[in-house]
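The block underneath contains the structure these notes are about, expressed in structure tokens.
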Amino acid sequence: MARRTVFFCSLSFCALLMVAYSIFSFTTSHQRTLSDNMKFNSENLMNTLDPFLDLPRNFLGAKLQRLQTKKRLFHVALTASGSIYNGWQCRIMYYWYKKFRDMPSSEMGGFTRILHSGKPDSLMQEIPTVIVEELPNGMAKDYIVLNRPWAFVQWLKMARIEEDYIMMAEPDHIFVKPLPNLALEDTPAAFPFFYITPAKYEEIIQRFFPKHMGPVSAVDPIGNSPAIIKKSQLEKIAPTWMNISLQMKSDQDANKEFGWVLEMYAYGIASAVHGIKHTLRKDFMIQPPWDVEVGEKYIIHYTYGCDYTMKSREN
């Protein structure tokens, strides 16, 4: 009886060994397959890690570091008229762009001044420039900013832009530190303006962004600049932005209420039409004299007049 018990125990022990060996072989094979086939990218790196797979920490750390240090360059583009003052602004803006472009934390790529005067000027050899046409037959109606969306439409059709992202800037921007790409893959980044308030003008906004397309809250409180956006997204928005700008300029109420910032509202509406929301980045820039410290901001926007007395005191 004892021998029979020992015999059955031996069989059970052998069976357990065989099961353990099978699990070990399957796990090892499965681990090798995962190791060979696993693809890493910034979106699914952590999600693709199998719970049975214990990769060395230095392997994951090195991979994550390479993902984090890969630059997502953006092309800086600003629209400009042919005026002397505008040219002076462009020279200053381009100077500071060159100062910070190649610094380690910068993701600035190429630079283009989109000159919408239709003719060359004295800065052609100094600043990378593309010439586009003004709106024809007085369509701008003494509102020169209407040329901005039309300029982008023309430029995007003719330009060969190596970068996947575009930063829309203006001549009265001064870079004060290296600028990284603030956009999040398919979510562009833009500065929120306190005076762009779509909800306040809901009835007017809905003439160009009807109720069936979504609530007025879908319209971001931004302008086109400063903003960093994927080139493919801007190619969709730009023609709509141009058309809505022209329609709003011809709308008596919109023209009266929005005034000088009309095309800024048009950009926000055009983005909403295409279902594109922006990340609102207050750290994008400061606007003196409302803001008195640069802090961690990237741009100084000197659009407002700052008057001083002979004793250097602000009026």
(request) Please work out which of the three classes, parallel, tilted or perpendicular, describes the rings of H75 and W155, given edges at 30° and 60°. (result) tilted
[X] bridged to [Y] by N-O distance under 4.0 Å:
X: D220; Y: K277; value: yes
X: E235; Y: K157; value: no
X: E257; Y: K200; value: no
X: E296; Y: K177; value: yes
X: D253; Y: R207; value: yes

(request) Sequence neighbours left out, what pairs pass ring pair (Phe, Tyr, Trp, His ring centres under 6.0 Å) with at least one residue falling in residues 106-134? (result) Y94-F111, Y97-F111
(message) As a quick check of understanding, evaluate side-chain contact (heavy atoms from CB on, under 4.5 Å) for V273 and F209, giving each step before the final call.
(response) CA-CA 7 Å; V273 166; F209 184 68; 3.9 Å; yes
(request) Report yes if the side chains of I204 and F258 come closer than 4.5 Å at any heavy-atom pair, otherwise no. (result) yes
(request) Tell me who clusters with L73, hydrophobic residues only, linked when side chains sit under 4.5 Å apart either directly or through other members. (result) none
(message) Per the salt bridge (charged side-chain N to carboxylate O under 4.0 Å, His left out) rule, what does the pair list look like for residues 96-115, sequence neighbours excluded?
(response) R113-D121
(request) Assess whether atom CG of N243 is packed by more than 12 heavy atoms of other residues, nucleotides or ligands within 6.0 Å. (result) yes
(request) Evaluate the side-chain contact (heavy atoms from CB on, under 4.5 Å) criterion for residues L179 and F100: first the C-alpha distance (whole Å), next the side-chain angles of each, then the deciding distance (0.1 Å), finally the verdict. (result) CA-CA 8 Å; L179 180 62; F100 296 115; over 6 Å; no
(request) Go through the steps for Q89 and Y85 under the test side-chain hydrogen bond (donor to acceptor under 3.5 Å, both in side chains), then give the verdict. (result) CA-CA 6 Å; Q89 290 178 309; Y85 176 59; 3.2 Å; yes
